[in-house]
Engineer: 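I have a structure I would like to understand better, so I am pasting it below and will then ask my questions one at a time.
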Amino acid sequence: MPKISLPDGSERQYDATTSGANIAASIGEGLARAAVAIRVDGDLWDLNREISDDAEVAIITRDSEEGIELLRHDAAHVLAEAVKELWPETQVTIGPAIDNGFYYDFARKEPFTDADLETIEKRMQEIVDRDEVIEREVWERDKAAEFFRGIGEEYKAEIIESIPSDEDLTLYRQGEFIDLCRGPHLPSTGKLGKAFKLTHVSGAYWRGDSNNEMLQRIYGTAWSNDKALRKYLHMLEEAEKRDHRRLGRVMDLFHFQEEAPGAVFWHPNGWAIYQSLISYMREKNTEADYQEVNTPEIMAKALWEKSGHNAAFGDNMFTTETVDGRVYAVKPMNCPGHIQVFNQGIKSYRDLPQRLGEFGKCHRYEPSGALHGMMRVRAFTQDDAHIFCTPEQISDESIAVCNLILSIYKDFGFDDVRIKFADRPEVRVGADEVWDQAERALLQALEASGFEYTHNPGEGAFYGPKLEFVLRDAIGRDWQCGTLQVDLNMPERLGATYIGEDGNKHVPVMLHRAILGSIERFMGILIEHHAGKLPLWLAPQQVKVLTITSDADDYANEIVAELRAAGLRADCDTRNEKISYKVREHSVAKVPALFAVGQREIENRTVAVRRLGSKKQQVMPLEAAIEALKTEVDSRR
RNA sequence: GCCCACAUAGCUCAGGGGUAGAGCACUUCCUUGGUAAGGAAGAGGUCCCGAGUUCAAAUCUCGGUGUGGGCUCCA
């Protein structure tokens, strides 16, 4: 005779054992329809699982976050059932719900084709129409393992055998298909509905290990209703439109070509943005008391052996051998170079902290499959800096770096920034005591700063723990850009010392920091964040002066000269084309400000200003229009 | 690096064992037009590279390179 307490505080008494389905039905028909599972004393249960004791119960509906996750998980099972029906020799492995959808990994010799995806999707819909009952069964581990091995499901058997032998486990059966699963699941396949779509196939390593065999992963998206599905598909289309690789072409910013995979060919427009970013960062660095240096891109390999880079990731370094047999490496980082600068002359504790910054071009031989437009390249520019300081200065310097990073992100329109603390990785240099010390120092600084953070275990740099600054863009994607690392290893390896107050030599602490990370990547993020509509101060072409008739050519040239004198990047378009044609063309190219000039503007010495994204224009006196733009650029809005 | 797919005009793409196609862009001409595509004509290609099969390969096969979607990686 269970007494059921509901989230609204009400209680219901049931005569015999009951179930989530009963409870939902007793509350209302609509709820019964929308219910997909229940939460019983904190655990998720199937709707039809018997409740025999008093419990706190909450109904999970298909529109709730947990409900949708459940639908996605069920979609994965229906996908596996469909594949097994179509190609029984295929082995199933795992299939979880993920953001926006689900996937399932299969082991099968023949690759799945796009046509197969359509066939599978149709079969999935049939399975939904069949409305098969989904039943939960409790099995002993060994029996379950034996069962799956018996039906040729080696991968399933392997997963089950990795579960402790004294633990019972649950299997879920729907139609002819049975799968290992913790659950919960829908009561029947019909409840899934048809707001799902298979999207693509890809490879994935068994158990995520690149030493293992490659499985075939089928991805899909699933939602609680058709409207949500359509909305998501539309969002994907929109995201594609803001792809920096497409916009890079439309805006004529850069290109890549086969001869230089992962290296950018900058066009004048793209280089203008690059230069704007550099000069902005230069200004910020100067304000924060950094000094700019520049160090060689190619240095003897021996130096990289000494620094530990060669051992830790020599595979990712470009090397070169000269005719006289000397081996050099192209720098993958700037730190060893900065230590060489620090090492010149004798440093006193009075010289610390010394903050050396460099816009250093680094090369890393990234795996070919990792390259992705400007987001992941082999040749990139870091806005790098190294702070040489005493142990006592770590905290203040770290806090200053955090504040600097956050203020800069704000200037670029990124307000949603997360900080992660990443500690020692498996492959590393230096003694554990040194790591203890470095991790403690960084964590203390982080605590002192008062910023919220999360822990990212084992993700530190090979020479020290780090803070990762992750920003969220306009369409909700996260990008790790900035980093702050405490390094108690490399200065010693490369012989950096200073004379302390006690007259003895000491090894300085080195803080590594980058704010934008890589200029290339940051620009890619900016382009996608703004969908190409960069703020005026970053736009490569800030103003286009468009003539309406050729009578206005002289006036247009005069305006361009004045705009340029005011420090704005401006050009004119005096082509023999209609004004609407010119407006369209420059709007497509994302020029933020268009000045149209014709007879009326000549007579009144005005311009008709049209801003990107607006359909209206405003006629203004020329000088006022220039002044307004100048103010906007200066304020970096 | 691994799995799958793709590579044809500047761009987006269609086609396909036997003279290479469209739209946009480009050039020239007409048009001087008031805010997202005015009209006409023209030019433009080693169909990614290499080998093989074939009387004949852009097309089929194999190898390579690059790109895309993922996986692994991202110090």
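Below, chain A is the first sequence line, B the second, and so on; all start at residue 1.
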Engineer: When rounded to the nearest Å, what value does the distance between P atoms of B:rA57 and B:rG18 take?
Structural biologist: 11 Å

Engineer: Have a look at A:R245 and say if it touches a base, only the backbone sugar-phosphate, or nothing, with a 4.0 Å heavy-atom cut-off.
Structural biologist: sugar-phosphate

Engineer: Are A:H255 and A:Q257 close enough that a side-chain donor and a side-chain acceptor fall under 3.5 Å?
Structural biologist: yes

Engineer: So, A:R246 side chain and A:K241 main chain: donor-acceptor pair closer than 3.5 Å or not?
Structural biologist: yes

Engineer: Below 6.0 angstrom between ring centroids: does that apply to A:H267 and A:F254?
Structural biologist: no

Engineer: Tell me the partner of B:rG52, counting only Watson-Crick (N1-N3 plus N6-O4 or O6-N4) or G-U wobble (N1-O2 and O6-N3) with both under 3.5 Å; none if nothing fits.
Structural biologist: B:rC60

Engineer: Starting from C1' on B:rG33, measure out to CZ on A:R584 and report it in whole angstrom.
Structural biologist: 18 Å

Engineer: May I ask you to verify whether the side chain of A:E366 and the base of B:rG1 hold a donor-acceptor pair under 3.5 Å?
Structural biologist: no

Engineer: Remember a base hit wins even if backbone is also touched, and classify A:A370 as base, sugar-phosphate or nothing at under 4.0 Å, heavy atoms.
Structural biologist: base

Engineer: A:E577 CD to B:rC24 P: how many Å, rounded?
Structural biologist: 13 Å

Engineer: Counting N and O atoms only, with roles assigned by atom type, does the side chain of A:D423 sit under 3.5 Å from a partner on the main chain of A:G458, one being a donor and the other an acceptor?
Structural biologist: yes

Engineer: Looking at A:S202, I'd like to know whether one of its side-chain N or O atoms comes within less than 4.0 Å of OP1 or OP2 on B:rG69.
Structural biologist: no

Engineer: Distance check needed: B:rU12 C1' versus A:D243 CG, whole Å only.
Structural biologist: 15 Å

Engineer: Within the 4.0 Å heavy-atom criterion, would you say A:Y219 contacts the bases, only the backbone, or no part of the nucleic acid?
Structural biologist: sugar-phosphate

Engineer: Look at all strands and tell whether A:S587 reaches a base, only sugar-phosphate, or nothing, counting heavy atoms closer than 4.0 Å.
Structural biologist: base

Engineer: With distance as the sole test, does A:Y409 use its side chain to make a donor-acceptor pair with the main-chain N or O of A:I515 at under 3.5 Å?
Structural biologist: yes

Engineer: If the P atom of B:rA25 is compared with that of B:rG17, how far apart are they to the nearest Å?
Structural biologist: 33 Å

Engineer: Does A:T549 reach a base, just sugar-phosphate, or nothing at all? Heavy atoms under 4.0 Å.
Structural biologist: base

Engineer: Looking at B:rU28, which nucleotide sits across from it as a Watson-Crick or G-U wobble partner, both distances under 3.5 angstrom, or is there none?
Structural biologist: B:rA40

Engineer: Say whether, by atom type as modelled, one donor and one acceptor occur between the side chain of A:T199 and the main chain of A:T221 under 3.5 angstrom.
Structural biologist: no

Engineer: Distance check needed: B:rG33 P versus A:K582 NZ, whole Å only.
Structural biologist: 13 Å

Engineer: Please confirm whether any donor atom in the side chain of A:R249 sits under 3.5 Å from an acceptor in the base of B:rC11, or the reverse.
Structural biologist: no

Engineer: Send over the distance from A:E585 CD to B:rG38 P, rounded to a whole Å.
Structural biologist: 11 Å

Engineer: What's the CG-C1' distance between A:L215 and B:rC2, to the nearest Å?
Structural biologist: 12 Å

Engineer: Nearest to the side chain of A:E258 - B:rU67, B:rG34, B:rC48?
Structural biologist: B:rC48

Engineer: Quick one: closest heavy-atom pair of A:Y104 and A:G95, and the distance?
Structural biologist: CD1-CA, 3.5 Å

Engineer: Any base atoms under 4.0 Å from A:Y205, or only sugar-phosphate, or nothing? Heavy atoms, all strands.
Structural biologist: base

Engineer: Regarding A:E259, tell me which of base, sugar-phosphate or nothing describes its non-hydrogen contacts under 4.0 Å with the strands shown.
Structural biologist: nothing

Engineer: Find the distance A:R600:CZ to B:rG33:P and express it as a whole number of Å.
Structural biologist: 12 Å

Engineer: Checking all strands, does A:E468 fall into the base, sugar-phosphate, or nothing category for heavy-atom contacts under 4.0 angstrom?
Structural biologist: nothing

Engineer: Quick one: label A:R428 by what it contacts on the DNA or RNA (base, sugar-phosphate, nothing), any heavy atom closer than 4.0 Å.
Structural biologist: nothing

Engineer: Strictly distance-based, threshold 3.5 Å: is any side-chain N or O of A:K582 a donor or acceptor partner for the main-chain N or O of A:D573?
Structural biologist: yes

Engineer: Using a heavy-atom cut-off of 4.0 Å across all strands, would you classify A:V250 as base, sugar-phosphate, or nothing?
Structural biologist: nothing

Engineer: So which nucleotide does B:rG45 pair with, by the Watson-Crick or G-U wobble rule with both distances under 3.5 Å?
Structural biologist: none

Engineer: On a plain distance test, is the side chain of A:R217 in donor-acceptor contact with the base of B:rC4 below 3.5 Å?
Structural biologist: no

Engineer: Is B:rU61 syn or is it anti, if syn means the base angle is within 90 degrees of 0?
Structural biologist: anti

Engineer: Assign A:G314 to base, sugar-phosphate, or nothing according to its heavy-atom contacts below 4.0 angstrom with the strands shown.
Structural biologist: nothing

Engineer: A:P367 near the nucleic acid: base, sugar-phosphate alone, or nothing, with a heavy-atom cut-off under 4.0 Å?
Structural biologist: base

Engineer: In whole Å, I'd like the distance from the NE2 atom of A:H309 to the P atom of B:rC74.
Structural biologist: 15 Å

Engineer: State the pairing partner of B:rG21; accept Watson-Crick or G-U wobble contacts with both distances under 3.5 Å, and report none otherwise.
Structural biologist: B:rC13

Engineer: Categorize A:N316 for me: base, sugar-phosphate, or nothing, with a 4.0 angstrom heavy-atom threshold over every strand shown.
Structural biologist: base

Engineer: Tell me whether the side-chain N or O atoms of A:Y365 pair up with the base of B:rG1 as donor and acceptor below 3.5 Å, since no angle test is needed here.
Structural biologist: no

Engineer: Looking for any heavy atom pair under 4.0 Å, which part of the strands does A:H372 touch: base, sugar-phosphate only, or nothing?
Structural biologist: sugar-phosphate

Engineer: So what's B:rG68 paired with, Watson-Crick or G-U wobble, going by both distances under 3.5 Å?
Structural biologist: B:rC4

Engineer: Can you check the distance between B:rU67 and B:rC30, where both ends of the measurement are the P atom (answer in whole Å)?
Structural biologist: 46 Å

